[in-house]
Amino acid sequence: MRSIDVCLTPALLNLYDIEDSIVVVIDILRATSSIVYGIDNGATAIIPVAQVEDCLSYAGNGYLLAAERNGEVVEGYDFGNSPFSYTTEKVGGKTIVLTTTNGTKALQMARERAHQVVMGSFLNLGALCDWLRAQDKNVLLLCAGWKDKFNLEDTLFAGAVVAELRKDFTHIDDSSVAAEDLYECAKGDLRKYLHKSSHSHRLAQLNIEEDVKFCLQLNICQAIPVLVGDALVALKD
Ligand SMILES: O=C(O)[C@H](CS(=O)(=O)O)OP(=O)(O)O
Ligand SMILES: [Mg+2]
């Protein structure tokens, strides 16, 4: 029996047995979207850290240091978590140390217990689902949310994955059913639906509408970033 469950916020992660599961970390706006895009664009590795000051211990290695808090680049860092900072020209062949408000924190929580940790986004939805379908493992879709609270965009993506995979799994929990129904509600126009989201209001003041539109594109990437040791690298077949 294979199960696919949705953990709606990292605050609930301890309720799940993930020792033998693949955990998909989801932070659509914008951490996992940018990580997927950067790895797809040839970044050698992305090292996630939970605290801004943890980046400094990597300084001097020729790594790029990326830090975002509350939607803005932390002063003194090379860049933050806008996908437009993760183009081939900017990150190809480079190692990036990254910390964000929600996504890297959720990742650090998952890595402590999960069998395997990968990154999900609308950008690599199809490739991710094809790979998950082929693994003989339970799956937990971990929504990074916002400061440990539920958010719409991460749950929408979890619902998109459940919709793709529900035929391949014998058990889905109620949060998976709810996430899938939410996705069915919104899939016709994700951007329009997400005008309701707290993130849209928060980022509206930061004028990064283009980031939001970019992160909602489907299947422009094939890369599946996987955590190997301390770093996220491209999953090899
Ligand atoms: O930078 C982002 O888009 C968010 C910041 S917030 O959710 O608007 O506070 O950070 P992320 O860790 O990518 O969710
Ligand atoms: Mg987010």
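No side-chain donor from either of Ser85 and Ser82 sits under 3.5 Å from a side-chain acceptor of the other.
Residue Glu19 places its CD atom among more than 12 non-hydrogen atoms of other residues, nucleotides or ligands, all under 6.0 Å distant. Annotation for Asn61: atom CG counts as buried by contact number, over 12 foreign heavy atoms lying within 6.0 Å. Within 6.0 Å of NZ on Lys149 lie no more than 12 heavy atoms contributed by other residues, nucleotides or ligands.
Pairing each heavy atom of Ala110 with each of Val23, the nearest pair is CB-CG1, 3.8 Å. The nearest pair of heavy atoms linking Ala45 to Val233 is CB-CG1, 4.0 Å. The two residues Leu29 and Cys215 have their closest heavy-atom pair at CD2-CB, 3.8 Å. Here the shortest heavy-atom pairing between Glu153 and Ser197 reads OE1-CB, 4.1 Å. Nearest heavy atoms, Tyr183 versus Ala163: CD2-CB, 4.4 Å.
Among residues at least two apart or in separate chains, there is no salt bridge (charged side-chain N to carboxylate O under 4.0 Å, His left out) pair with a member in residues 84-94. Listed by first then second residue, pairs satisfying salt bridge (charged side-chain N to carboxylate O under 4.0 Å, His left out) with a partner in residues 34-57 number zero, not counting sequence neighbours. Residue pairs meeting the ring-ring contact (aromatic ring centres under 6.0 Å, His included) criterion with at least one partner in residues 79-118, sequence neighbours excluded, are Phe79-Tyr86, Phe84-Phe214.
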Side chain to side chain contact (heavy atoms under 4.5 Å, CB included) between Val6 and Phe157, intermediate numbers included: CA-CA 10 Å; Val6 174; Phe157 176 77; over 6 Å; no
Run the numbers on Leu8 and Thr155 for side chain to side chain contact (heavy atoms under 4.5 Å, CB included), then give the verdict. CA-CA 7 Å; Leu8 294 171; Thr155 306; 3.9 Å; yes
Please report the C-alpha distance between Val139 and Leu165 in whole Å, then the side-chain angles of each, then the deciding distance to 0.1 Å, and finally whether the side chain to side chain contact (heavy atoms under 4.5 Å, CB included) criterion is met. CA-CA 10 Å; Val139 172; Leu165 294 179; 5.6 Å; no
List the steps and the verdict of side chain to side chain contact (heavy atoms under 4.5 Å, CB included) for Val91 and Thr87. CA-CA 6 Å; Val91 301; Thr87 60; over 6 Å; no
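The side-chain heavy atoms of Glu72 and Asn70, taken from C-beta on, include no pair separated by under 4.5 Å. Within the 4.5 Å cutoff, side-chain heavy atoms of Pro225 are placed close to those of Val36.
Here Ser3 pairs with Asp5, Asn138, His171 under the side chain to side chain contact (heavy atoms under 4.5 Å, CB included) rule; sequence neighbours left out. Take Ser121 and apply the side-chain hydrogen bond (donor to acceptor under 3.5 Å, both in side chains) test, not counting sequence neighbours, and it matches Asn124. Under the side-chain hydrogen bond (donor to acceptor under 3.5 Å, both in side chains) criterion, Asp168 pairs with Arg133, not counting sequence neighbours.
A salt bridge between Lys105 and Asp148 is present, with a side-chain N of the basic residue lying under 4.0 Å from a carboxylate O of the acidic one. Ion pairing between a basic and an acidic side chain is recognised when a charged N comes within 4.0 Å of a carboxylate O; Arg191 and Glu209 show such pairing.
A donor-acceptor contact shorter than 3.5 Å links the side chain of Ser33 to the backbone of Ile28. Not one N or O on the side chain of Asp154 forms a donor-acceptor pair closer than 3.5 Å with the backbone of Cys143.
With Pro48 as the fixed residue, the side chain to side chain contact (heavy atoms under 4.5 Å, CB included) test singles out one of Asp230, Thr100, Val25, Leu107: Leu107.
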